[in-house]
Amino acid sequence: MRKNNGGHGGVIINISSLAGLTPAAYQPVYSASKHGVIGFTRSIAALASIGNYGVRINSVCPAFVDTPLLESIEKEENMGELFKYKDRIKDMMKCYGVLDPSLIAKGMIDLIEDDASNGAVMKITTSRGIHFEEFGVQQKTKI
Ligand SMILES: NC(=O)C1=CN([C@@H]2O[C@H](COP(=O)(O)OP(=O)(O)OC[C@H]3O[C@@H](n4cnc5c(N)ncnc54)[C@H](O)[C@@H]3O)[C@@H](O)[C@H]2O)C=CC1
Ligand SMILES: CCCCC/C=C\C=C\C(=O)C/C=C\C/C=C\CCCC(=O)O
């Protein structure tokens, strides 16, 4: 895929979560993995820019989305000792709302079409729709 390796370039979008930017008390391991996705995305995006890969790498961080994943909290085998908190997670879904998957698709198309976005961290919530996390260190670099 890398232009400097015989490829044609392109766009990679890594799927993180709002739980990759905020603490998630009832999903600590999930949250840690999603924080890792963001760190990896931003780092490899910086390398892609330095190395002239012609590949843009971005990440998307949705809040709750209406998919079968949300049903996973109903199973003790998934939640382990945190199963006792499942009603608190359901309360959060009621409080913040649940996004339609079509909005995540729109956000991803926006990232594909925006050739100025590399290393961007897109957030998608019911309250603010599609928007971006701002970091102190430059997050977007043109490729
Ligand atoms: N649904 C939500 O509220 C949110 C989901 N996300 C993220 O979005 C991504 C997609 O999640 P959903 O569509 O909601 O989940 P989902 O559970 O509805 O779909 C996940 C899909 O991944 C497939 N899959 C699982 N393990 C796999 C493997 N080892 N190799 C290949 N395919 C595998 C499953 O068969 C399933 O089709 C995940 O990374 C999730 O963490 C992020 C924020 C919110
Ligand atoms: C084994 C546990 C995995 C369970 C995964 C289930 C759901 C995953 C959901 C998410 O990734 C969404 C994460 C966090 C949303 C948190 C808060 C929403 C705040 C919204 C807002 O500020 O408007």
Side-chain angles (χ1 to χ4, degrees), residues 1-2 5-51 53-143:
M1 190 170 178
R2 288 159 45 177
N5 201 25
H8 297 288
V11 186
I12 294 170
I13 302 175
N14 293 322
I15 309 299
S16 180
S17 160
L18 266 200
L21 290 163
T22 62
Y26 313 123
Q27 302 159 311
V29 176
Y30 179 81
S31 175
S33 74
K34 294 304 189 181
H35 276 76
V37 169
I38 292 172
F40 178 71
T41 299
R42 298 182 68 214
S43 300
I44 204 78
L47 180 61
S49 179
I50 292 164
Y53 287 8
V55 178
R56 298 185 286 108
I57 302 103
N58 298 302
S59 65
V60 64
C61 299
F64 297 111
V65 188
D66 186 10
T67 74
L69 182 68
L70 297 186
E71 291 154 26
S72 67
I73 66 167
E74 299 288 352
K75 289 194 180 156
E76 191 165 4
E77 69 207 64
N78 295 331
M79 296 291 287
E81 67 178 78
L82 301 177
F83 184 67
K84 59 179 178 261
Y85 296 118
K86 77 176 166 79
D87 287 336
R88 295 198 190 184
I89 301 175
K90 286 161 95 171
D91 287 345
M92 287 176 68
M93 290 179 201
K94 279 189 201 134
C95 173
Y96 293 113
V98 175
L99 295 157
D100 190 274
S102 61
L103 190 60
I104 316 308
K106 183 188 179 317
M108 293 175 74
I109 291 168
D110 288 354
L111 284 172
I112 291 166
E113 291 181 342
D114 177 5
D115 68 5
S117 71
N118 179 44
V121 177
M122 174 183 278
K123 299 191 280 187
I124 309 180
T125 62
T126 53
S127 57
R128 295 187 58 197
I130 293 172
H131 56 294
F132 288 89
E133 178 75 357
E134 300 295 337
F135 293 95
V137 178
Q138 185 185 6
Q139 70 169 26
K140 284 183 164 189
T141 47
K142 183 151 184 149
I143 291 208

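Each ligand, and each atom within it, is numbered from 1 in the order the structure gives. From a predicted model like this one, the values you see are computed outputs, not experimental measurements. Just the heavy atoms: all of them, side chains too, but no hydrogens, waters or symmetry mates, feed the values below.
The residues E76 and K84 are annotated as not salt-bridged, no charged nitrogen and carboxylate oxygen being separated by less than 4.0 angstrom.
For ligand 1 and L70, the ligand atoms under 4.0 Å from any heavy atom of the residue are 3 (O). Atoms of ligand 1 lying under 4.0 Å from at least one heavy atom of A63, given by number and element, are 3 (O), 43 (C), 44 (C). Within the listing of ligand 1, atoms 18 (O) sit less than 4.0 angstrom from a heavy atom of P68. Each of the following atoms of ligand 1 lies closer than 4.0 Å to a heavy atom of I15: 7 (C), 8 (O), 9 (C), 39 (O). Residue contact check: L18 has heavy atoms under 4.0 Å from atoms 18 (C), 19 (C), 20 (C) of ligand 2. Taking a cut-off of under 4.0 Å to the non-hydrogen atoms of A63, the atoms of ligand 2 that pass are 12 (C), 18 (C), 20 (C). For ligand 1, the atoms sitting less than 4.0 Å from at least one non-hydrogen atom of F64 are 3 (O), numbered in the order shown with element in parentheses. Counting the atoms of ligand 1 from 1 in the order shown, those under 4.0 Å from a heavy atom of K34 are 38 (C), 39 (O), 40 (C), 41 (O). Within ligand 1, the atoms closer than 4.0 Å to a non-hydrogen atom of P62 are 42 (C), 43 (C), 44 (C), numbered from 1 in the order shown.
The protein does not reach atom 24 (N) of ligand 1 closely, with no heavy atom under 4.0 angstrom from it. In this structure, atom 7 (C) of ligand 1 has a protein heavy-atom contact shorter than 4.0 Å. Proximity of atom 18 (O) of ligand 1 to the protein is indicated by at least one non-hydrogen atom lying closer than 4.0 angstrom. There is no protein heavy atom closer than 4.0 angstrom to atom 33 (C) of ligand 1. Atom 40 (C) of ligand 1 lies below 4.0 Å from at least one non-hydrogen atom of the protein. By the definition of a contact as any protein heavy atom under 4.0 Å away, atom 36 (C) of ligand 1 is not in contact. Distance check for atom 28 (C) of ligand 1: every protein heavy atom is found at 4.0 Å or beyond. Remark: atom 43 (C) of ligand 1 lies closer than 4.0 Å to at least one protein heavy atom.
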Checklist entry - I124 and H131: side-chain contact (heavy atoms from CB on, under 4.5 Å), yes or no, with the steps? => result CA-CA 6 Å; I124 309 180; H131 56 294; over 6 Å; no
Item to check | Stepwise side-chain contact (heavy atoms from CB on, under 4.5 Å) check, S17 with Y30 | outcome: CA-CA 9 Å; S17 160; Y30 179 81; 3.9 Å; yes
Next on the checklist: Does L21 form a side-chain contact (heavy atoms from CB on, under 4.5 Å) with I38? I'd like the steps, not just the answer.
Outcome noted: CA-CA 8 Å; L21 290 163; I38 292 172; 3.6 Å; yes
Next on the checklist: Show, in sequence, the C-alpha distance, side-chain angles and deciding distance for S49 and N118, and conclude whether the side-chain contact (heavy atoms from CB on, under 4.5 Å) test is met.
Outcome noted: CA-CA 8 Å; S49 179; N118 179 44; 4.1 Å; yes
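Annotation: salt bridge (Lys or Arg N to Asp or Glu O under 4.0 Å) contacts of K123 (sequence neighbours excluded): E133.
Summarising the contacts of atom 3 (O) of ligand 1 with V65, V98, D66, the nearest heavy atom is found in V65.
Note: no N/O pair closer than 3.5 Å links T125 and ligand 2 by distance alone.
The single protein non-hydrogen atom nearest to atom 1 (C) of ligand 2 is N78 O, 3.9 Å, given as residue, atom name and distance. The single protein non-hydrogen atom nearest to atom 21 (C) of ligand 2 is Y96 CD2, 3.5 Å, given as residue, atom name and distance. Nearest protein neighbour of atom 7 (C) of ligand 2, counting heavy atoms only, is Q27 NE2, 3.5 Å. Atom 10 (C) of ligand 2 has S17 OG, 3.4 Å as its closest protein atom, hydrogens excluded (heavy atom only). At the shortest separation from atom 8 (C) of ligand 2 among protein heavy atoms lies Y30 OH, 3.6 Å. Atom 2 (C) of ligand 2 has its closest protein heavy atom at M79 SD, 4.0 Å. The protein heavy-atom contact nearest to atom 11 (O) of ligand 1 is L69 CD2, 4.2 Å. Among protein heavy atoms, atom 14 (C) of ligand 2 sits closest to A19 N, 4.0 Å.
At a 4.0 Å cut-off, at least one heavy atom of S127 sits close enough to ligand 2 to count as contact. At least one heavy atom of S16 sits under 4.0 Å from some atom of ligand 1.
The two atoms that bring R2 and V55 nearest to each other are CA-CG2, 4.0 Å, heavy atoms only. Across G119 and N58, no two heavy atoms sit closer than the pair N-OD1, 3.0 Å.
Separation of atoms CG (D100) and NZ (K106) is listed at 13.5 Å; rounding is to 0.5 Å. Here the CZ-CG distance, from R56 to D115, works out to 6.0 Å after rounding to the nearest 0.5 Å. Atom NZ of K86 sits about 11.0 Å away from atom CG of D91, to the nearest 0.5 Å.
Between I89 and F64, some side-chain heavy-atom pair lies under the 4.5 Å cut-off. Residues Y53 and L47 meet the side-chain proximity criterion, which asks for heavy atoms closer than 4.5 Å. With a 4.5 Å cut-off on side-chain heavy atoms, V98 and V65 do not count as touching.
Paired with C61 under the rule side-chain contact (heavy atoms from CB on, under 4.5 Å), one option of T125, V121, T22, N14 passes, and it is V121.
In this structure a side-chain-to-backbone donor-acceptor pair under 3.5 Å is present from T41 to V37.
By the criterion of a heavy-atom distance under 4.0 Å, neither the backbone nor the side chain of L99 is placed next to ligand 1.
N78 and S72 share no side-chain donor-acceptor pair at under 3.5 Å.
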